[in-house]
Amino acid sequence: AAMVLLPFACRGEVVRGFGRGSRQLGVPTANFSDQVVESFPSDIPTGVYYGWASVGNGDVHKMVLSIGWNPFYKNIKKSVETHIIHNFKEDFYGEILSVVIIGYIRSEKNFNSLGALISAIKEDIEVAKRQLGLPEHLKLKDNFFHLLEEKIVNH
């Protein structure tokens, strides 16, 4: 039912997260501020999504995004983390990250080891790459900035 919300576009500042993504997982993620997370529809299911992302006014790249409580790390606050499938030369804390979420990969689940979590993330990235190569999704890439302008709510 929740899939009716997609595509969902959002834009916000990148803040420092837990600093785990790059260090422990080898998968750097960009965290949105609490205000941005709170602006997400409350009924959007937690889990892993795919879509398009852009930092600042930069190019549009494939991305995987997770919405959730990160049960593996027992978080008490909901977080939205984006892994952009692109090698950036430096961190982009304080930059504006724009995302358009277009599809759902899986629900959030707990993992009994870091290894299991890492392989799930790698699998999610492969799924995202495949899905985003489809013509109907590439079309949304071309409309990326237009989709954002339609959806932006300035707080």
Side-chain angles (χ1 to χ4, degrees), residues 1-56 58-134 136-138 140-141 144 148:
M3 297 302 104
V4 177
L5 293 166
L6 302 180
F8 175 70
C10 174
R11 171 182 278 169
E13 190 181 336
V14 176
V15 299
R16 284 189 185 274
F18 300 99
R20 292 188 295 244
S22 324
R23 229 184 23 244
Q24 289 188 11
L25 305 175
V27 182
T29 59
N31 291 65
F32 275 130
S33 70
D34 294 344
Q35 289 95 308
V36 176
V37 175
E38 283 154 21
S39 76
F40 271 60
S42 54
D43 56 354
I44 198 166
T46 58
V48 181
Y49 293 80
Y50 61 85
W52 301 106
S54 164
V55 177
D59 294 340
V60 179
H61 300 289
K62 296 177 179 182
M63 64 80 171
V64 176
L65 176 144
S66 95
I67 300 173
W69 305 93
N70 292 333
F72 185 76
Y73 288 109
K74 301 186 171 40
N75 286 355
I76 50 169
K77 257 196 326 202
K78 203 166 171 183
S79 70
V80 175
E81 297 181 56
T82 305
H83 169 66
I84 303 176
I85 304 170
H86 175 76
N87 289 324
F88 287 93
K89 301 211 173 24
E90 58 246 346
D91 287 337
F92 41 83
Y93 295 121
E95 293 271 4
I96 296 298
L97 171 65
S98 305
V99 298
V100 174
I101 301 171
I102 58 180
Y104 187 64
I105 300 177
R106 62 173 172 86
S107 61
E108 183 175 47
K109 54 179 185 267
N110 204 347
F111 296 94
N112 39 23
S113 73
L114 199 57
L117 174 59
I118 291 169
S119 59
I121 293 170
K122 298 232 154 82
E123 179 58 30
D124 296 336
I125 290 169
E126 290 313 309
V127 173
K129 283 181 180 166
R130 276 201 306 276
Q131 291 295 326
L132 292 163
L134 298 172
E136 66 267 29
H137 292 154
L138 287 168
L140 290 173
K141 178 182 184 179
F144 181 83
L148 277 170

All salt bridge (charged side-chain N to carboxylate O under 4.0 Å, His left out) counterparts of Lys129, not counting sequence neighbours: Glu126

Between [atom1] on residue [X] and [atom2] on residue [Y], distance to nearest 0.5 Å:
X	Y	atom1	atom2	value
His83	Ile125	NE2	CD1	3.5 Å
Leu148	Ser54	CG	OG	8.0 Å
Asp34	Ser39	CG	OG	11.0 Å
Lys109	Leu117	NZ	CG	10.0 Å

Contact check, side chains of Thr46 and Lys78, non-hydrogen atoms, under 4.5 Å: yes

Side-chain heavy-atom pair Thr82, Leu97 within 4.5 angstrom cut-off: yes

Minimum-distance pair of heavy atoms, taken over all atoms of [X] and [Y]:
X	Y	answer
Lys62	Gly133	NZ-N, 4.2 Å
His61	Asp59	CD2-O, 3.5 Å
Glu108	Ile67	OE2-O, 4.3 Å
Pro7	Val100	CB-CG1, 3.8 Å
Arg11	Ser98	NE-OG, 3.1 Å

Aromatic plane relationship, Phe32 with Phe40 - under 30° parallel, 30 to 60° tilted, over 60° perpendicular: tilted

With His137 via ring-ring contact (aromatic ring centres under 6.0 Å, His included) - residues at least two apart: Tyr50

ring-ring contact (aromatic ring centres under 6.0 Å, His included) partners of Phe144, counting only residues at least two apart: none

